[in-house]
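We name chains A, B, ... by the order of the sequence lines, and we start the count at 1 in each one.
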2 protein chains.
Amino acid sequence: MLTISQLAAYAGVTVRAVRHYHQIGLLPEPERDRSGYRRYGAHAVVSLVKIATLADAGVPLAEIADLVRADEATFAAAVGRIDRRLRDEIAKLERSRTSIARLAAGDALLLPPEVVAYLKRLRELGVSGPVIEGERDGWILMAARWPERVRDWMPGKLASLEDPRIVRLYRVLSQLFDTSELDEPLMAEAADLMAALAEEAWQAGQRSIDPAEEDTVPFDLLELLALETDPRAIRMVELMRERGWDGWTRLEKVPPSPGVMR
Amino acid sequence: MLTISQLAAYAGVTVRAVRHYHQIGLLPEPERDRSGYRRYGAHAVVSLVKIATLADAGVPLAEIADLVRADEATFAAAVGRIDRRLRDEIAKLERSRTSIARLAAGDALLLPPEVVAYLKRLRELGVSGPVIEGERDGWILMAARWPERVRDWMPGKLASLEDPRIVRLYRVLSQLFDTSELDEPLMAEAADLMAALAEEAWQAGQRSIDPAEEDTVPFDLLELLALETDPRAIRMVELMRERGWDGWTRLEKVPPSPGVMR
DNA sequence: CTTGACCCTGACGTAGCGTCAGCCCTTCAC
DNA sequence: GTGAAGGGCTGACGCTACGTCAGGGTCAAG
């Protein structure tokens with residue numbers, strides 16, 4: 001007769017595992033000796049070896065009980081189920097691994113490579129940290145909802161960086177948001193630049209996305225993000241409104257007003 | 001501002017997951033509106049998208065907090081750790097899958113194919129169910145401790161089935177244990193056969209395994225298994241002892257005695 | 001005013017054990 | 001005889017990442 005630790009050692013499992021199998025009724029409780037210790041015979045060893053082998057093969061404990069005494073059909077079905085489950089788990093982990101691999105290459109997991117390239121270009125153009133972080137977070141919002149569309153947009157965005165006025169705008173914004181001061185003349189310059197660019201896009205027929213059938217939530221979040229990030233963004237919205245534009249990141253033409261927003 | 005379900009939907013997670021992230025401090029609790037509802041801004045969306053993306057990539061939640069604001073080296077190390085962990089998990093599941101595949105082919109998971117072939121041969125020779133089950137359980141015990149050695153033994157075991165006396169022995173045992181009667185003359189025949197075979201093996205120099213340096217536990221369990229399985233095995237041991245052999249599955253020469261065992 | 005869709009907190013459940021805590025039993029050396 | 005070591009016992013909490021009630025409040029629409 002064996003003690004619990006001898007039994008466990010024979011089957012290559014821990015004592016705790018054996019007690020667990022007792023607890024869930026997978027392995028019957030054996031007789032106790034006069035001091036209350038469990039004493040195991042050869043049948044218990046055979047049972048435990050079977051259990052341990054199946055468990056090691058990835059069979060859920062709940063199914064092992066049925067499995068060890070099932071007929072052909074039940075057995076085959078169970079094996080099929082288990083195999084499918086394992087296959088799915090493996091596939092999921094494989095996907096995780098490729099994601100992790102992309103992680104090793106920087107922002108690439110959260111943003112499509114095109115966006116990463118765009119942000120890199122901004123950095124090269126001397127755009128400051130805070131502005132780039134705002135851009136990145138904004139693109140994360142967009143990419144979360146429209147991963148494919150964002151990729152389509154990027155060539156245009158990248159090309160627009162050839163326009164010296166746009167580069168100038170980014171640099172002005174950099175200067176604005178890199179300190180904690182409120183530089184009113186500089187903000188006016190930024191607003192003028194943005195208004196001019198918006199007007200040009202408007203003339204060229206580039207309206208904002210049709211609000212009728214579009215999901216505006218990402219754009220709303222974009223506005224919100226800017227307002228949350230820096231109180232000066234509120235002032236910028238005001239300045240734009242004075243110039244006849246509503247919004248900050250997605251501009252709409254409105255009658256110019258000198259009023260306060262909200 | 002978003003409600004919790006809008007936030008969750010945007011990031012593609014469940015409401016419960018968001019609350020869980022709050023609970024473990026992964027995502028900061030937002031302001032509440034006057035009815036106690038959580039209200040989220042754009043920054044929360046960005047944070048949650050990051051968290052969800054990393055979690056989906058298989059990063060443990062406990063590491064995500066560090067990961068989203070780690071320096072280069074820490075980040076690379078963490079990514080390396082995570083990738084290794086994923087690789088190991090995949091490898092384990094792959095092994096499980098091959099095991100499961102073997103399961104689909106019968107006993108093959110618990111016993112080496114050679115033993116399965118041996119048992120199949122016994123069945124062909126007309127050995128009855130109970131005896132085969134006893135054999136199988138016995139081999140499970142042996143294979144659990146000595147998987148390799150068992151495979152080496154099998155060619156000899158298989159060859160021994162060419163000996164008509166051994167086949168006869170198996171058939172007598174089948175007849176004996178297939179009913180619940182105690183057939184004394186048949187038991188005597190079985191004992192005579194076993195004794196003769198043991199004597200022959202002994203003459204041929206095939207001693208039992210050297211008990212000095214051997215692990216006898218598997219053999220002890222084998223004896224125990226027989227005694228547990230059927231009380232008539234006790235009688236068989238007595239009969240063998242009268243013929244000068246000790247044990248039942250691993251025989252040792254002893255002075256013949258008509259006494260009772262133990 | 002009701003109805004259905006949300007929101008809240010709190011708490012238990014999941015799988016398979018690991019790991020105490022607190023106590024008993026046996027054995028061995030001193 | 002007496003510690004100390006090395007089992008064994010039960011009971012209970014911990015871990016992962018949430019799912020799923022239960023019991024109750026809130027909001028918007030018909």
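Within 4.0 Å of A:Arg39, counting heavy atoms only, lies no atom of the nucleic acid at all. No engagement by A:Ile24 is indicated, since no non-hydrogen atom pair under 4.0 Å with the nucleic acid exists. Among the protein residues, B:Arg19 comes within range of the nucleic acid bases, having at least one heavy atom under 4.0 Å from a base atom.
If A:Tyr21 and A:Ser35 are placed on DNA chain C by their nearest nucleotide, the residue sitting closer to the 5' end is A:Tyr21. Residues B:Val59 and A:Gly36 both approach DNA chain D. Their nearest nucleotides, taken by heavy-atom distance, put A:Gly36 toward the 5′ side. Position along DNA chain D of the nearest nucleotide to B:Ala62 versus B:Arg34 favours B:Ala62 as the more 5'-ward residue.
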Please write out each protein N/O paired with an N/O of nucleotides 19-24 of chain D under 3.5 Å, distance rounded to 0.1 Å.
unit_1 : atom_1 : unit_2  : atom_2 : d
D:dG19 : OP2    : B:Thr14 : OG1    : 2.9
D:dG19 : N7     : B:Arg16 : NE     : 3.4
D:dG19 : O6     : B:Arg16 : NH2    : 3.1
D:dT20 : O4     : B:Arg16 : NE     : 3.0

Quick one: which protein N/O atoms are closer than 3.5 Å to N/O atoms of nucleotides 2-5 of chain D? Pair and distance per line, please.
none

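Note that the CD1 atom of A:Ile90 and the CD atom of B:Glu89 stand 11.0 Å from one another [nearest 0.5 Å]. The line from CH2 of B:Trp153 to CH2 of B:Trp139 is 6.0 Å long, rounded to the nearest 0.5 Å.
Between A:Arg136 and A:Glu133 there is no salt bridge, since no side-chain N of the basic residue sits under 4.0 Å from a carboxylate O of the acidic one. Salt bridge absent: A:Arg39 and A:Glu31 never bring a charged side-chain N and a carboxylate O closer than 4.0 Å.
In this structure, CG of B:Asp33 is placed 10 Å from C1' of D:dC27, rounded to the nearest angstrom. Look at CZ on A:Arg32: it is 19 Å from P on D:dG7, rounded to the nearest Å. Distance B:Glu89 CD to D:dA17 P: 11 Å, rounded to the nearest Å. Between B:His20 atom NE2 and D:dT16 atom C1' there is a gap of 7 Å when expressed in whole angstrom units. D:dA17 atom P lies 17 Å from atom NE2 of B:His22, rounded to whole Å. Look at CD on B:Gln6: it is 15 Å from P on D:dC27, rounded to the nearest Å. Separating the CZ atom of A:Arg38 from the C1' atom of D:dC9 is a distance of 7 Å, rounded to the nearest angstrom. Atom CG of B:Leu48 and atom P of D:dC18 are 11 Å apart (whole Å).
Residues forming a side-chain contact (heavy atoms from CB on, under 4.5 Å) with B:Ala9 (at least two apart in sequence, or on another chain): none. Not counting sequence neighbours, B:Lys92 has no partner by the salt bridge (charged side-chain N to carboxylate O under 4.0 Å, His left out) test.
Checked by atom type and distance alone, the side chain of B:Tyr10 pairs as donor or acceptor with a backbone atom of A:Leu141 at under 3.5 Å.
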Name each donor-acceptor pair under 3.5 Å that joins a side chain in residues 45-58 of chain B to protein atoms two or more places apart or in another chain, with its distance.
unit_1  : atom_1 : unit_2  : atom_2 : d
B:Ser47 : OG     : B:His43 : O      : 3.1
B:Thr53 : OG1    : B:Val49 : O      : 2.6

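Remark: A:Ser5 is not in phosphate contact with D:dG7, judged by side-chain N or O atoms under 4.0 Å from OP1 or OP2.
Between B:Glu135 and B:Leu119, some side-chain heavy-atom pair lies under the 4.5 Å cut-off. B:Thr3 places a side-chain heavy atom less than 4.5 Å from the side chain of B:Gln6. No side-chain heavy atom of A:Val115 sits under 4.5 Å from any side-chain heavy atom of A:Ile140.
Nucleotides of DNA chain C lying under 4.0 Å from heavy atoms of chain B occupy a range whose first and last members, 5' to 3', are C:dC6 to C:dA11.
Two rings, from A:Phe219 and A:Trp146, have their centers less than 6.0 Å apart.
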